[in-house]
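Note that the numbering runs from 1 along the sequence shown for the chain.
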Amino acid sequence: MRLRRVLPLVTVLPALLVISACSSDSGGDDKKAAPTAKVTSSAEEKAAAEAKRIGALNPTDLKKATLTGKSTGFEFKQVAKADIEAGRDMKADKAECQPLASLAGGYTDVEAVSVEHRSLEASKATNATVGSMWLASHSEKNAELVMSHLRTSLKKCPDGFKTLGLTYKSVQQLKAPDLGDDAVGYRITNVVGKQSVTMTYTVVREGGVIAAFYGVNMLTPKDSAIPEAVIEAQLEQLG
């Protein structure tokens, strides 16, 4: 099991992501590799065509614009598709909370043309904050809609929601950083069994791209936000 690599994501979908990490380690039939590649290529071609139609960033350019490697005290690591697919269809038990549930799963409630995920691990052992980020490519109109939906959800769901057997509670809107064209910050607690994990989200819109960041610090939850320097570095990469 590749547990260490998925730890930053485990806070979102603890059981499901560990299961998916284990299953993705199993050996596969080499003969199946080619059809899978063809399906992926076809999906990317459709996404590129849709991006061009609506004026969004295409999958190739979105990938180039997403940080990878070490920067601003963190290491940005690519995430295997199997480790994030479990969150794609997270449905909240209350419709008004769906934007929050979608972000908890690593996606936006308005479907994006393409999405790039990265796990974030602090470069220094003295920094206990870990987390993830993802960039979602939309038309500018749809990106604005994502932010509007999120703000409405934060107002209507202060007590949280349930999804996929998980409980999210204590939703608290925070002061938004002065970043990008629009930004929202909030803190939410994920309850798994008897364990509570507090996560801090920062969601930034830059044109038609939604850049979502969440952080966890098990030692000092109030310090769980991903630093603004990290977000600024990603926004600069977007250009």
Side-chain angles (χ1 to χ4, degrees), residues 4-14 17 62-63 65-79 83-84 87 90 99-109 112 115-137 143 146-147 150-151 153-154 168 170-190 196-207 209-239:
R4 186 178 184 280
R5 185 171 62 76
V6 299
L7 273 176
L9 292 168
V10 166
T11 55
V12 182
L13 289 167
L17 286 175
L62 183 68
K63 188 171 184 177
T66 307
L67 286 175
T68 303
K70 294 183 179 180
S71 175
T72 58
F74 281 82
E75 186 171 3
F76 299 71
K77 296 184 177 182
Q78 287 189 304
V79 183
D83 293 344
I84 58 175
M90 285 181 69
L100 291 170
S102 294
L103 285 168
Y107 295 89
T108 51
D109 67 310
V115 185
E116 280 288 327
H117 290 82
R118 298 288 185 271
S119 66
L120 301 179
E121 295 181 15
S123 301
K124 294 183 178 180
T126 53
N127 186 349
T129 299
V130 295
S132 282
M133 75 167 196
W134 55 97
L135 302 187
S137 175
V146 168
M147 300 301 284
L150 176 56
R151 285 193 168 90
S153 193
L154 286 168
Y168 291 83
S170 304
V171 182
Q172 177 188 4
Q173 188 163 358
L174 304 175
K175 182 180 179 180
D178 185 18
L179 296 170
D181 295 321
D182 193 8
V184 172
Y186 64 96
R187 189 167 290 147
I188 189 169
T189 299
N190 179 203
S196 295
V197 180
T198 298
M199 301 172 287
T200 300
Y201 282 77
T202 305
V203 184
V204 181
R205 180 181 69 83
E206 182 72 23
V209 174
I210 297 294
F213 302 78
Y214 87 85
V216 174
N217 188 314
M218 299 298 287
L219 298 180
T220 51
K222 65 181 181 64
D223 295 330
S224 58
I226 298 300
E228 287 191 18
V230 174
I231 301 172
E232 288 172 346
Q234 176 54 76
L235 295 179
E236 288 179 9
Q237 182 79 0
L238 272 171

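For the side chain to side chain donor-acceptor pair (under 3.5 Å) test, no residue two or more places apart in sequence or in another chain qualifies with Ser153. Every residue was checked against the salt bridge (charged side-chain N to carboxylate O under 4.0 Å, His left out) condition with Asp223, not counting sequence neighbours, and none meets it. Here Thr200 pairs with Leu174, Arg187, Ser224, Ala225 under the side-chain contact (heavy atoms from CB on, under 4.5 Å) rule; sequence neighbours left out.
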Point to revise | side-chain contact (heavy atoms from CB on, under 4.5 Å) evaluation trace for Val115 with Ile84 | key: CA-CA 11 Å; Val115 185; Ile84 58 175; over 6 Å; no
Review point. Can you check side-chain contact (heavy atoms from CB on, under 4.5 Å) on Val171 and Tyr201, steps first, answer last?
Key: CA-CA 11 Å; Val171 182; Tyr201 282 77; over 6 Å; no
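For the pair Leu238/Leu135, a side-chain contact is recorded, criterion being any heavy-atom separation below 4.5 Å from C-beta on. Contact annotation: the side chain of Tyr168 approaches that of Met199 to within less than 4.5 Å [non-hydrogen atoms, C-beta and beyond]. Side-chain contact between Thr202 and Pro177: present, with at least one pair of heavy atoms (C-beta onward) separated by less than 4.5 Å. Taking 4.5 Å as the limit, some side-chain heavy atom of Val204 sits within range of a side-chain heavy atom of Ile231. Ser170 places a side-chain heavy atom less than 4.5 Å from the side chain of Thr189. Using a 4.5 Å heavy-atom cutoff, the side chains of Met133 and Thr66 are in contact. Under the 4.5 Å side-chain criterion, counting only non-hydrogen atoms from C-beta, Leu154 is in contact with Val184.
Residue pairs meeting the side chain to side chain donor-acceptor pair (under 3.5 Å) criterion with at least one partner in residues 171-186, sequence neighbours excluded, are Arg151-Asp182. Legend: side chain to side chain donor-acceptor pair (under 3.5 Å) pairs involving residues 227-238, not counting sequence neighbours: none detected.
Rounding to the nearest 0.5 angstrom, the gap separating the CZ atom in Phe213 from the CG atom in Leu179 is 9.0 Å. Distance CG/Leu100 to CG/Asp109: 9.0 Å, rounded to 0.5 Å. Atoms OG and NZ, on Ser137 and Lys63 in that order, are 15.0 Å from each other to the nearest 0.5 Å. Note: Leu150 CG to Thr108 OG1 = 10.5 Å, rounded to the nearest 0.5 Å. Interatomic distance, OH of Tyr214 versus CG of Leu120, reported as 9.0 Å (0.5 Å rounding). For the atom pair CG of Asn127 and CG of Asn217, the computed distance is 7.0 Å after rounding to the nearest 0.5 Å.
Counting all heavy atoms, side chain and backbone alike, Val203 lies closest to Met147 at O-CE, 3.5 Å. In plain terms, the two heavy atoms of Ser119 and Val79 that are nearest each other are N-CG2, 3.5 Å. Of all non-hydrogen atoms in Ala183 and Ala176, the two that sit nearest each other are O-CB, 3.2 Å.
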Can I get a per-line list of side-chain donor-acceptor pairs under 3.5 Å for residues 67-76, giving both atom names and the distance, sequence neighbours left out?
residue: Thr68; atom: OG1; partner: Arg118; partner atom: NE; Å: 3.0
residue: Thr68; atom: OG1; partner: Arg118; partner atom: NH2; Å: 3.3

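Side-chain N or O atoms of His117 include one that pairs as donor or acceptor with a backbone N or O of Gly106 at under 3.5 Å.
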